[in-house]
Amino acid sequence: MAGWTSDSGDSDKFECDSDGEAGPSSAPAMRNFDAPGPSTLGSNGWINGEVPPTSLIERYVVMGFPKEMVTKSIKEIGHGDADALLELLLTYKALDDDDAVGNNHSTSGCILPVVENDDDLDFENWDGDDDAGGRESSSDDSGYEDFMREMSERDEKINSLVNMFFSEDEANRAIIRCGADVDIFVLVDSIGASQVAEDCHSRNLSDNQVTDRCFNSFGGRKKAILMEESRKKRKRYRGGGQGNRPSLDGSDEESTPLPNPMVGFNLPGYRGPSVTRMLSKLDTGPPFFYYENVARAPKGEWAKISRNLFDIQPEFVDSLHLCAAARKRGYIHNLPIENRSPLLPLPPKTIFEAFPHYKKWWPSWDTRTHLNCLQTCVASAKLTERIQRALVSSSNPPPKSVQKYVMDECKKWNLVWVGKNKVAPLEPHEMELLLGFPKDHTRGVGKTQRYKSLGNSFQVDTVAYHLSVLRRMFPNGVRVLSLFTSIGGGEVALHKLGIHMRVVVSVEIGEANRRILRGWWDQTQTGALIEIPDVKSLTDERVASFVSRFGGFDLVIGGSPCNNLAGSNRHHRDGLEGKHSALFYDYVRILNFVNSAMGGRRL
DNA sequence: AGGATCATGAGGACAGCA
DNA sequence: TGCTGTCCTCATGATCCT
């Protein structure tokens, strides 16, 4: 059982380890001076000075602010203080809206995300300022020919927008806001921004409520194309609470739509729309937090999760895009999303890259290139036997009906071809490889337990990609509060990123998981590991004690139990109120208390 | 007693089609 | 617009075995 006895023992160990690892240079590990304070980051998560003004103009324009207004605001107060800039823009916007629309808007404008639209976007080399400068300079032309060209462009774009079923008035206003020289898709985004902004106003949401709820609900070239093609998609943009837009009033009636493709805010090497999000200053770290759970939770559950985590929009990612196995997960975090970098070397991205030796037995009619989600249970020997019998008694290639039966089972149970007509479940060490863990990470506990632990864990490369932004921010290491640690996916990710963990306070109920983590930690880490078995025993007082002792935490990370959310659960898929998944509220409780104890925001 | 093995769909998203 | 088919899902509970 958890208790102060084990904790105090660990506490002693911590101080001992700390001393032990600390040469003169690392001695300040217990001090806070090396952790960047709020001044290191702007409220939008950009590191100061990294975003040039031209890019800023473009970003705010796509949010729905007129270009002239943005330029004027930046001239007035500069671009160093994003909060002040936003405040000024909102004020101007409110005044402008009062004049233009006659609505009695408050200054709480709807702050919207920016969707980068450049088709040539290269995430690994992109500097975030591709063509904004070019567009900016072209708008300075003032000759007659330019004027006529602009008018012609303007008419053309209005026609295009009208053809997309926007009203002429909406099209006109967008062009006034953004200029006639911008891409048609910027105009589409701008109209969407205004619609959601109006929606937000009409629902009387506060700034913080709308900031991230509006995020990702529209925008992007791809969506614009879809909109042109489909009346159904068009509804998504035109508002009125229809379609797939996330609920803005927090009701559970609408589900949070899962993106397709499920690539999150961005992915290494993915050439598609990338997103730049803005968080309110109160929502940014430190402490940074990172929460994870299954993407395909019952309807309304992600809206609930988001509501409890500062209304931050989830980032849904299918690890399929990073490794050879699917893993559809939602992540809510307040980490910056620019300048991420993947773990190198990149993991094998297909089944054959991961397991080339299976190619020998792989039938041509099994067209899988990726495995499905790795779960906590594997197929029975009887099932693989049945499959083998079906194949042996069939011709080669087998008839379609047999192929379908075999393929259905192979997909369902993630079976691989290990011999002639012979399929088998993945071995635990193969799952470790796919999930990004070191080989034999889970070795030492029973095989069934290994499957269970691995099935419940993070996909390390995916998580590491998100956490990679911490490397530059914490060159001297991080202090981590790890909730529902499992087998330490977050810790392995940080380690593989080269981020030193000065201390990890880990909460994990499973004895086998704790043993796995401890075994890995002792082999690879020099920092302190404090283990707490039961999250319920991590009381507010105890959190306060840790915060006081370590000077705070830099990262609160964890994925709460999915048992009652996961589709595989046929018995008790009860949502967040379920027996296990209700522990999510302990994550919220503890995160809030850490925030509060560190002088930050509390819900 | 505890680990290993086995059988057990519902629910939701989405594409295709009339 | 609504119907239909297809696909996928961090699991649970009963039973067997050692």
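To find a chain, count down the sequence lines: A is the first, B the second, and so on, and within it residues start at 1.
Note on A:Asn456: a base of the nucleic acid sits closer than 4.0 angstrom, heavy atoms only. Residue A:Thr448 is in base contact, counting any heavy-atom pair closer than 4.0 Å across all strands shown. Looking at heavy-atom distances under 4.0 Å, A:Ala379 makes no contact with the nucleic acid at all. Residue A:Arg368 is out of contact with every strand shown, counting any heavy-atom pair closer than 4.0 Å. Among the atoms of the strands shown, base atoms are found under 4.0 Å from some heavy atom of A:Ser560. Across all strands, A:Cys562 comes closer than 4.0 Å to base atoms (heavy-atom distances). Residue contacts shown for A:Lys447 are limited to sugar-phosphate atoms, with no base heavy atom under 4.0 Å away.
In this structure, A:Asn564 and A:Gly567 both approach DNA chain C, and ranking their closest nucleotides by distance from the 5' end singles out A:Gly567. When each of A:Leu371 and A:His571 is assigned the nucleotide of DNA chain C bearing its nearest heavy atom, the one mapping closer to the 5' terminus is A:Leu371. Sequence order on DNA chain B of the closest nucleotides to A:Ala297 and A:Ala381 puts A:Ala381 first from the 5' end. Closest-nucleotide positions on DNA chain B for A:Pro298 and A:Ala566 were compared, and the one nearer the 5' end corresponds to A:Ala566.
The side chain of A:Val294 lies closest to C:dC10 when the candidates are C:dC7, C:dC10, B:dA7. Of the candidate nucleotides B:dG9, B:dG12, C:dT9, B:dG12 has the atom lying nearest to any side-chain atom of A:Lys299. With C:dC10, C:dC8, C:dT12 as the choices, the nucleotide that has an atom nearest any side-chain atom of A:Asn293 turns out to be C:dC10. When distances are taken from the side chain of A:Arg296 to each of B:dT8, B:dA15, C:dT9, the shortest belongs to C:dT9. Comparing B:dG11, C:dC10, B:dA7 by their nearest atom to the side chain of A:Arg573 picks out B:dG11. Out of B:dG12, C:dT9, B:dA7, the shortest distance to the side chain of A:Ala326 is found at C:dT9. If you check C:dA11, C:dC10, B:dC14 against the side chain of A:Arg570, the one that comes closest is C:dA11. Distance from the side chain of A:Thr376 is smallest for C:dA11 among the nucleotides C:dA11, C:dC7, B:dA7. Checking C:dA11, C:dC7, B:dC6 against every side-chain atom of A:Trp413, the shortest atom distance belongs to C:dA11.
Using a 4.0 Å cut-off between charged nitrogen and carboxylate oxygen, A:Glu292 and A:Arg329 count as a salt-bridge pair. Here A:Asp366 pairs with A:Arg368 in a salt bridge; the nearest charged N to carboxylate O distance falls below 4.0 Å.
Note: CZ (A:Arg329) to P (C:dT9) measures 8 Å, nearest angstrom. A straight line from CD of A:Gln375 to P of B:dT8 spans 18 Å, rounded to a whole angstrom. For the pair A:Ile387 CD1 and B:dA7 P, the computed distance is 12 Å after rounding to whole Å. A:Gln459 places its CD atom 17 Å from the C1' atom of C:dT9, with the value rounded to the nearest Å. The distance between atom CG of A:Asn569 and atom C1' of B:dG12, rounded to the nearest whole Å, is 15 Å. Put simply, CG on A:Asn372 is 5 Å from P on C:dC8, counting in whole angstrom units. Straight-line distance from the CD atom of A:Glu385 to the P atom of B:dA7: 10 Å, rounded to whole Å. One atom, CE of A:Met262, and another, P of C:dC7, lie 18 Å apart when rounded to the nearest Å.
For the residue pair A:Ser453 / A:Asn513, a side-chain donor-acceptor distance below 3.5 Å is found, with atom types taken as modelled.
Using cut-offs of 30° and 60° for the angle between ring planes, the A:His466 and A:Tyr290 rings count as tilted.
In this structure a side-chain-to-backbone donor-acceptor pair under 3.5 Å is present from A:Ser581 to A:Asn564.
For the pair A:Ser380 and B:dA7, the criterion of a side-chain N or O lying under 4.0 Å from OP1 or OP2 is met. Side-chain N/O atoms of A:Arg386 include one lying less than 4.0 angstrom from OP1 or OP2 on B:dA7. In this structure, A:Lys328 reaches the C:dT9 phosphate: one of its side-chain N or O atoms is under 4.0 Å from OP1 or OP2.
The nucleotide B:dC17 finds its pairing partner in C:dG2, both defining distances of the Watson-Crick or G-U wobble pair being shorter than 3.5 Å. In a base pair of the Watson-Crick type (N1 to N3 plus N6-O4 or O6-N4) or a G-U wobble (N1-O2 and O6-N3), with each distance short of 3.5 Å, B:dG9 is matched with no nucleotide.
The ring of A:Phe289 has its center closer than 6.0 angstrom to the ring center of A:Phe310. Aromatic ring centroids of A:Trp362 and A:Phe352 lie under 6.0 Å apart.
Scanning for side chain to side chain contact (heavy atoms under 4.5 Å, CB included) contacts around A:Pro428 gives A:Lys447, A:Arg450, A:Tyr451, A:Leu454, with sequence neighbours left out.
Spacing between B:dC14 and C:dC10 at atom C1', rounded to whole Å, works out to 22 Å.
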